[in-house]
Amino acid sequence: MDLQVDARCQVLPGPKEALYRFVAGQEMAAVAEATRLDPTDLPEYAGRVHDYFIRHPDRFRLMSWGRMEFAGTTADAATQETVRRKVEQLRKAQEAGHLDPAWEPIDILVFVNQIAMAWAGQLDLVDAAADQVRDPSPAARRAAVVAAVQRLLPATAGNTSDGTSGTGRA
């Protein structure tokens with residue numbers, strides 16, 4: 001199932017899976033570039049991922065569709081490399097004392113990304129419960145994402161991203 005690309009770098013007709021893998025690979029690169037994983041500041045990384053998919057709901061739907069459509073298949077080389085690189089960054093942050101080493105780095109990556117994307121396909125729920133939501137603004141959804149990641153994976157004492165000792169003092 002090799003993907004064929006013509007001289008103008010356009011994908012030629014071919015298997016659906018190959019086409020999706022090509023597009024998803026391009027999208028994963030775009031997300032990685034736009035969001036930049038910072039293992040010492042996972043809450044803000046989650047905020048950036050949230051912002052990206054709120055701004056690009058079509059891309060969120062494409063990625064979600066692919067996960068459902070091709071569940072159980074092996075990830076392509078580009079996806080595997082991206083995941084390996086991020087897991088390695090997280091592992092090194094654990095070794096440096098920036099993250100709790102009790103977590104598996106892959107679990108950190110998956111949990112943070114899932115929290116970050118939680119609102120991407122569900123903003124209509126805020127409208128559905130409008131009379132029960134204290135602040136219906138998109139900024140409140142982002143703040144909830146950032147706070148959730150901060151509570152799940154707080155910076156370790158002595159290693160906060162703002163240069164303080166975890167007590168608010170430098």
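Since we're looking at a predicted model, the values are computed, not measured.
Listed for the N113 side chain is a donor-acceptor partner under 3.5 Å among the backbone atoms of L109. One N or O on the side chain of Q94 and one on the backbone of W103 form a donor-acceptor pair closer than 3.5 Å.
Between H56 and Y52, the gap from one ring centroid to the other is short of 6.0 Å.
In the hydrophobic cluster analysis, where Ile, Leu, Val, Met, Phe, Trp and Tyr join through side-chain heavy atoms closer than 4.5 angstrom, L37 is grouped together with M117. Placement of V149 and I54 within a single hydrophobic cluster is found when ILVMFWY residues are connected by side-chain heavy-atom separations under 4.5 Å, directly or transitively. In this structure, V146 is not a member of the same hydrophobic cluster as L42, with clusters built from ILVMFWY side-chain heavy atoms closer than 4.5 Å.
Looking at every heavy atom in both residues, L152 comes nearest to I115 through CD2-CD1, 4.0 Å.
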Stepwise side chain to side chain contact (heavy atoms under 4.5 Å, CB included) check, F111 with L153
CA-CA 10 Å; F111 294 159; L153 297 159; 5.6 Å; no

Starting from the C-alpha separation in whole Å, work towards a yes-or-no answer on salt bridge (charged side-chain N to carboxylate O under 4.0 Å, His left out) for E44 and R142.
CA-CA 10 Å; E44 275 307 310; R142 185 189 199 279; 3.3 Å; yes

Derivation of the side chain to side chain contact (heavy atoms under 4.5 Å, CB included) call for V133 and R141
CA-CA 11 Å; V133 177; R141 305 294 66 80; 4.1 Å; yes

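Distance CD/Q150 to CG/D41: 8.0 Å, rounded to 0.5 Å. Rounding to the nearest 0.5 Å places CD of Q89 at 10.0 Å from OG1 of T40.
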